[in-house]
Undergrad: 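Once you've had a glance at the structure underneath, I'll fire off some questions.
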Amino acid sequence: EAQLQFILSARKIKGKKLSAEAKERAEKARQALELVLGQHPFFQGVNSRHLKTISRYANRVTFEPGDFLFHEGEAAIQFHLICSGRISVGTFSEIPGPITIQTLGNGEVLGWSRIIPPHHWRFDAKATEPTEAISLNGELLRAQCEKNRDFGYEILKRLSYITAQRLELTRLHLVSAYGAAPTGRG
């Protein structure tokens, strides 16, 4: 399907125009991907016109246990919607070594670093079990947000919600690490 998606975005391959059959297969693959995008919690309720646009630069991807999706400090390129499996998000410290900050799974989002400057990964991400995801070109998604402010606002609201959830998780981790019960203040 990723190959069909590539065909869809290309007008010519090796100087040849696409056959009607190849265009039809590519369009069917894009439509199927559009349906999957619309069912993912991150994009639920997004205008179908926007989903159609987004599906043009989306691909299905798979990761095996131990595969790194990216490393801290690398340029952030992709934005991932996890459909199944688990991804460990963490960092590395000399002592104690790798530190898992969060494990993401079905219905979650990975890669908002591509949308928000400075567009570099802030953590490492590694598959801990076979994982299927939809990978979006983050630069094109960000460009669509800039081009269509209503769409951009929808994405911003969704990313803000995710950021707030992850900050709360971080707060709970800190409370747990220091052995204090949350007071509910602040």
Side-chain angles (χ1 to χ4, degrees), residues 1-9 26 29-44 46 51 54-142 144-145 155-156 158-174 176-177:
E1 289 184 313
Q3 184 177 5
L4 288 176
Q5 193 63 30
F6 174 75
I7 290 171
L8 176 66
S9 65
R30 189 205 55 76
Q31 288 173 352
L33 198 50
E34 184 179 337
L35 287 173
V36 173
L37 283 168
Q39 293 170 354
H40 192 279
F42 186 77
F43 283 121
Q44 280 181 345
V46 168
L51 289 175
I54 294 164
S55 70
R56 289 189 175 121
Y57 44 87
N59 290 304
R60 291 178 188 233
V61 293
T62 59
F63 303 100
E64 296 300 321
D67 288 351
F68 276 90
L69 283 70
F70 51 80
H71 293 282
E72 186 174 353
E74 292 177 343
I77 298 168
Q78 299 300 108
F79 180 80
H80 302 282
L81 305 173
I82 302 170
C83 298
S84 67
R86 295 256 181 250
I87 302 291
S88 171
V89 178
T91 191
F92 185 83
S93 174
E94 292 294 323
I95 302 173
I99 301 168
T100 298
I101 296 168
Q102 185 175 18
T103 301
L104 303 173
N106 182 28
E108 296 188 276
V109 174
L110 176 65
W112 52 273
S113 294
R114 179 59 229 166
I115 309 299
I116 300 170
H119 312 299
H120 287 84
W121 297 120
R122 292 168 176 90
F123 301 101
D124 295 332
K126 181 172 80 170
T128 58
E129 61 184 57
T131 301
E132 293 183 10
I134 297 173
S135 180
L136 299 167
N137 181 311
E139 186 174 339
L140 293 176
L141 181 62
R142 188 169 48 88
Q144 182 67 20
C145 290
I155 297 300
L156 181 62
R158 293 158 193 263
L159 289 176
S160 296
Y161 178 75
I162 291 167
T163 303
Q165 284 182 316
R166 294 191 182 161
L167 283 171
E168 177 63 14
L169 180 67
T170 301
R171 182 182 78 83
L172 293 174
H173 280 245
L174 288 171
S176 174

Undergrad: Scan the side chains in residues 93-107 for donor-acceptor partners under 3.5 Å anywhere in the protein, sequence neighbours excluded, and list what turns up.
TA:
{"from": "Ser93", "atom 1": "OG", "to": "Ile95", "atom 2": "O", "distance (Å)": "2.8"}
{"from": "Thr100", "atom 1": "OG1", "to": "Ser88", "atom 2": "OG", "distance (Å)": "3.4"}
{"from": "Gln102", "atom 1": "OE1", "to": "Arg166", "atom 2": "NE", "distance (Å)": "3.4"}

Undergrad: Could you list all the side-chain hydrogen bond (donor to acceptor under 3.5 Å, both in side chains) pairs where at least one residue sits in residues 68-85, not counting sequence neighbours?
TA: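 Non-adjacent pairs meeting side-chain hydrogen bond (donor to acceptor under 3.5 Å, both in side chains): Glu72-Thr91, Gln78-Ser135.
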
Undergrad: For Glu108, check salt bridge (Lys or Arg N to Asp or Glu O under 4.0 Å) against everything at least two apart and list the hits.
TA: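 Counting only residues at least two positions away or on another chain, Glu108 forms no salt bridge (Lys or Arg N to Asp or Glu O under 4.0 Å).
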
Undergrad: Would you indicate whether Phe92, at its atom CZ, is surrounded by more than 12 heavy atoms from other residues, nucleotides or ligands within a distance under 6.0 Å?
TA: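 Counting other residues, nucleotides and ligands, CZ of Phe92 exceeds 12 neighbours.
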
Undergrad: Are Pro130 and Thr62 close enough that some pair of their side-chain heavy atoms sits under 4.5 Å apart?
TA: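 Not touching, per the 4.5 Å side-chain cut-off.
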
Undergrad: Identify the two heavy atoms, one from Val89 and one from Phe123, that lie closest to each other, and give their separation to 0.1 Å.
TA: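 Residues Val89 and Phe123, closest heavy atoms: CG1-CB, 3.7 Å.
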
Undergrad: Is there a side-chain contact between Val46 and Arg158 (heavy atoms, below 4.5 Å)?
TA: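 Touching, per the 4.5 Å side-chain cut-off.
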
Undergrad: To check you understand the geometry: which heavy-atom pair defines the closest contact between Leu33 and Ser55, and what is its length?
TA: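 That closest heavy-atom pairing would be CD2-O, 4.1 Å.
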
Undergrad: Could you check if a side-chain atom of Ile155 sits within less than 4.5 angstrom of a side-chain atom of Gln144, using non-hydrogen atoms only?
TA: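 They are not in contact (no side-chain heavy atoms under 4.5 Å apart), so the answer is no.
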
Undergrad: Do you know which two heavy atoms are closest between Leu110 and Ala125, and how far apart they sit?
TA: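 So the minimum-distance heavy-atom pair works out to CD2-CB, 3.9 Å.
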
Undergrad: Looking at Phe63 and Val61, what are the two nearest heavy atoms and their distance?
TA: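 Answer, listing the atom of Phe63 first, then Val61: CE1-CG2, 3.6 Å.
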
Undergrad: Taking side-chain hydrogen bond (donor to acceptor under 3.5 Å, both in side chains) as the cut-off, I'd like each qualifying pair that reaches into residues 116-131, sequence neighbours left out, listed once.
TA: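 Every side-chain hydrogen bond (donor to acceptor under 3.5 Å, both in side chains) pair that includes a residue of residues 116-131, provided the two are not neighbours, is Ser113-Arg122.
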
Undergrad: Knowing that exactly one of Leu156, Thr163, Ile162 qualifies, which makes a side-chain contact (heavy atoms from CB on, under 4.5 Å) with Ser160?
TA: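 For Ser160, the side-chain contact (heavy atoms from CB on, under 4.5 Å) test succeeds with only one of Leu156, Thr163, Ile162, which is Leu156.
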
Undergrad: Under the salt bridge (Lys or Arg N to Asp or Glu O under 4.0 Å) rule, collect the residues that match up with Arg142, sequence neighbours excluded.
TA: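 Partners of Arg142 under the salt bridge (Lys or Arg N to Asp or Glu O under 4.0 Å) test: none.
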
Undergrad: Distance check, rounded to the nearest 0.5 Å: Tyr57 atom OH versus Leu140 atom CG?
TA: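 Rounded to the nearest 0.5 Å, the OH-CG separation comes out at 6.0 Å.
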
Undergrad: Roughly how far, to the nearest 0.5 Å, is the NE2 atom of His40 from the CD1 atom of Ile82?
TA: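 Separation between the atoms: 7.0 Å.
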
Undergrad: Between Leu159 and Phe79, is there a side-chain heavy-atom distance shorter than 4.5 Å?
TA: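 Phe79 reaches Leu159 side chain to side chain.
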
Undergrad: For Phe43 and Leu51, work out which heavy atoms get closest and say how close.
TA: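 Smallest interatomic distance, heavy atoms only, reads CB-CD2, 3.9 Å.
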
Undergrad: Quick one, Arg30 and Arg56 - any side-chain contact, counting heavy atoms below 4.5 Å?
TA: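 Answer yes - side chains close enough.
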
Undergrad: Locate the shortest heavy-atom distance separating Ile134 from Ala58; write the atom from each residue and the value.
TA: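 Closest approach of Ile134 to Ala58, heavy atoms only: CG2-CB, 3.9 Å.
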
Undergrad: Would you please name every residue forming a side-chain contact (heavy atoms from CB on, under 4.5 Å) with Gln39, sequence neighbours left out?
TA: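 side-chain contact (heavy atoms from CB on, under 4.5 Å) check on Gln39 returns nothing, list empty.
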
